[in-house]
Amino acid sequence: MGQSIEAKAVELNRATLTVPISGMSCAACSARVERELNKIPGVLDAAVNLALEKGTVSYDPGQLAPAEIIAKIRNIGYEVPEENLELLISGMSCAACSSRVEKKLNSMAGVQSASVNLATGKASVRFIPGMVTVTELRKAVEALGYGARPAAGVSRDEEGQARQREIRLQAARFVLAAALSLPLLWMMLAEVTGWHQFMLSPWLQLVLATPVQFIAGWQFYRGSYHALKTGGANMDVLVALGTSVAYFYSLVSVLKGWQTLYFESSAIVITLILLGKLLEAVAKGKTSEAIKKLMGLQAKTARVLRNGTEEDIPVEEVEVGDLVLVRPGERIPVDGIIVEGNSSVDESMLTGESIPVDKGPGDEVVGASVNKQGSFTFRATRVGDDTALARIIRLVEAAQGSKAPVQRLADKVSGIFVPVVVIIALLTFAGWYLHGAGLTAALVHMITVLVIACPCALGLATPTAIMVGTGVGAEKGILIKGGEHLERAGRIDTVVLDKTGTITRGEPSVTDILAVPPFEEKGLIGVIASGERKSEHPLGRAVVNKAAELGIALEEDVGEFEALPGKGIRFRAGGVAWHAGNEALAEALGVDLTPVLPFTARWEEEGKTVMIAIADGRLAGLVAVADTVKEHAREAIAELERMGLEVYMLTGDQERTARAIARQVGISRVVAGVLPENKAREIQKLKDAGKVVAMVGDGINDAPALATADVGMAIGTGTDVAMESASITLIRGDLRTIAQAIRLSRRTLRKIKQNLFWAFIYNLIGIPLAVSGVFTPVMGGAAMAFSSVSVVTNSLLLKRYNPER
């Protein structure tokens, strides 16, 4: 009997979890996973199917959570694949709504994380597909009374149209409510001023107030029903409860012949709240204008060469490999590489760089940029969702749908806000009634408490500021991945800069030339470049580029070329035996460098590489080559230090070279000789010292350091940079955008704090005033209507901010 009872108890506490498992290659793998799962305390039985790549685990939910089983599988060394889903949520009216949806989604088995954004009306869900389906996620939201559908199946145009429909619907409700409430408002003002001849009959007041209550205000009843049905409460409950008390009390008064009526209060409160909802909907639409601007940059058609003929086709039909023709003044349709023609291209819409960039064969062009002068033909390399513009739009959309950690407090408050307000309202009624104020006065004060409380502002405080801030950044070529990264960027106190490709241009160029008579500078560069064009060495390419820059024609009669590993090159030109290389080469040839030692010493101290030119065994001159610092680098670093930031340079170069570059740009803190794999360790040291660190690098070679830093900033062009490795992508190569990104983050964080302050202080002041009887229901309704509007408007002021100043 005891065994039977025990078996029943186990059966009652049994739950089954089916998990997809990837990475298993043989029966030994599946057996190992199965064996390890069965060892977990609380697991009753585990079976792993190699062919289906699934594990089925029976467990005691009282001892074990699904997340622990998934963590164990990953610790063994196998992967439980995840998917990301974005759901469009309709019907949310306040922070309590978004909090309920988020809580429900996070409670579902298989959901790793869910975040709901009230401002965008979207839920971002990370889930394990084998444990929960998209349909189940959607139905869970719908069971709460909200609409839900995958955002992937909805075009941006449809989203915009839906937003416009919502604005039109709210406008229609407001116009109806306002038209019917105006006579009641006039009557209320007349009563206050003593013009009793303007009083309306009770039955006429009932006729005017009823459509406002049940047609214009029906959305509040519908929202209340769904909220209460699932055990929740939101703003709709407060509005419906408060106005219904006023309306039905007045209805009873009409039927009983009592003198006191509050039809005007219920109708005007609903009208004011509808006005607030309308203004809020319009303002929320403006927060996403950055996305609209980016989308507006996309060309609609492309002129392609197919089968030897030109044809205009929709940009969506362009394929990788197509030859695309672009004429002056036209917008480039997709990303590609020029194969024929030269022009200058305005890339300011994407990079913020106002000066057109010269382009020729072999150069990359970015879709949405504008061809200014010449015509050219390019081969499409990225089309559709793979273009730089499409990736930027996706990044900004993801950022605008994210949450900042500072929002957590508001989320916690909004989860309990409405029940607490209802309790305060009931206590207000009881307090006034028991102290002899009478039923009517007690009801009025209770109604005021219900309608003045507003959790909307709490829900909109953070997301609206993030939407505007990330949008402003995108327009300036600063792509911030999300609210969490934006908040951390606002707290940065230390900036670490990689040297090559970040502070410097990343490619060497000739900086100094010294010709020993009878040779002169141009002739010397010309002959060395003639020999170096056969070399693949970066220093040689720098000399060839310098000759091209000076317009020097290279000699054609170059022979006997030979690369001398570790030393330089030798060749014959114009009947002269030439050598170009380092000091080791000069010593091997017995060349006396004494006359030029002051030059070589100074240039090497400046971090430059000195190339020695030797003609027929005689010293002909010196050429200094260095990786030059970027334009505005010194200005940018000075700006960072003016902002109170500590600036470090981190490089794998030798100490002398690193110090030379650091002196040029005004950096005093240098960490040199660091291997790429050790850069992350140096960043961690700074973090361990209590600093909030930003690492700025090219986003590819510096990926470990970027990931280790509190904020990783990838600097480079939108087509090249590895956006995935950094928290913030600075599309332009201009170091000044680092300061701009930090300033923008600080300003946005300040806006968030202002919004949260006003959202909290509004309720902390407004509710006591309502409880004490200072506010009337109409005053409370007006305050509630404009509280969320004021928060959104404050966020919109951020659009005027220019981070370049």
Side-chain angles (χ1 to χ4, degrees), residues 94-96 98-99 115 117-120 235 276-277 279-290 399-414 417 452-476 478 480 482-493 643-644 692 711 739-769 782-805:
C94 67
S98 57
S99 180
S115 176
N117 189 310
L118 176 63
T120 59
M235 184 204 79
K277 299 290 282 183
L279 294 174
E280 181 186 315
V282 172
K284 278 162 66 177
K286 290 181 179 179
T287 60
S288 59
E289 280 184 359
Q400 294 192 337
S402 67
K403 280 191 175 183
V406 73
Q407 176 71 13
R408 288 176 190 147
L409 175 61
D411 288 344
K412 288 179 182 176
V413 171
S414 63
F417 185 86
I452 198 171
C454 183
C456 299
L458 291 173
L460 293 169
T462 300
T464 53
I466 288 173
M467 288 176 73
V468 178
T470 52
V472 169
E475 291 174 12
K476 300 293 182 182
I478 301 167
I480 303 170
E484 181 183 355
H485 307 291
L486 186 145
E487 183 175 330
R488 281 206 301 262
R491 298 194 173 108
I492 290 168
D493 55 32
M643 292 168 66
V692 181
V711 178
Q740 293 171 22
I742 295 171
R743 275 198 295 264
L744 177 62
S745 298
R746 287 179 176 178
R747 180 61 66 95
T748 306
L749 193 56
R750 193 183 311 161
K751 282 290 180 188
I752 291 172
K753 289 177 178 177
Q754 288 172 2
N755 287 348
L756 287 172
F757 171 80
W758 287 115
F760 279 114
I761 206 72
Y762 159 80
N763 286 297
L764 288 173
I765 293 174
I767 292 174
L769 289 175
M784 179 185 186
F786 289 104
S787 63
S788 55
V789 175
S790 63
V791 165
V792 179
T793 303
N794 188 45
S795 295
L796 286 173
L797 291 175
L798 191 59
K799 292 175 73 174
R800 299 181 181 179
Y801 178 64
N802 184 358
E804 295 177 6
R805 294 173 186 162

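The structure presented is a predicted model; accordingly, all values stated were derived computationally and were not measured.
Among all heavy-atom pairs drawn from A461 and S795, the shortest one is O-OG, 4.3 Å. Closest heavy-atom contact between Q740 and P803: CG-O, 3.3 Å. Shown here for V472 and Y801, the closest heavy-atom pair between the two residues is CG1-O, 3.8 Å.
Residues forming a side-chain contact (heavy atoms from CB on, under 4.5 Å) with S745 (at least two apart in sequence, or on another chain): I480, L486, A489. Listed by chain and residue number, nothing satisfies the side-chain hydrogen bond (donor to acceptor under 3.5 Å, both in side chains) test with K277 (two or more places apart in sequence, or in another chain). Remark: R488 engages E484, H485 in a side-chain hydrogen bond (donor to acceptor under 3.5 Å, both in side chains) (not counting sequence neighbours). By the salt bridge (charged side-chain N to carboxylate O under 4.0 Å, His left out) test, R491 is found to be paired with E487, residues two or more places apart in sequence or in another chain being considered.
Here L744 contributes atom CG and L749 contributes atom CG; the two are 11.0 Å apart, rounded to the nearest 0.5 Å. Here the CE atom belonging to M643 is positioned 8.5 Å from the CD1 atom belonging to I492, to the nearest 0.5 angstrom. The distance from the CH2 atom of W758 to the CD1 atom of I765 is 7.5 Å, given to the nearest 0.5 Å. The CG atom of L764 sits 8.0 Å away from atom CZ of F760, with the distance rounded to the nearest 0.5 Å. To the nearest 0.5 Å, the span separating CD on Q754 from CD1 on I752 amounts to 10.5 Å. The CG atom of L118 sits 9.5 Å away from atom OG1 of T464, with the distance rounded to the nearest 0.5 Å.
Residue pairs meeting the salt bridge (charged side-chain N to carboxylate O under 4.0 Å, His left out) criterion with at least one partner in residues 742-752, sequence neighbours excluded, are E639-R743.
Proximity of a side-chain donor or acceptor of N763 to a complementary backbone N or O of A453 within less than 3.5 Å is not detected.
When only modelled atom types and interatomic distance are considered, N755 and T462 share no side-chain donor-acceptor pair under 3.5 Å.
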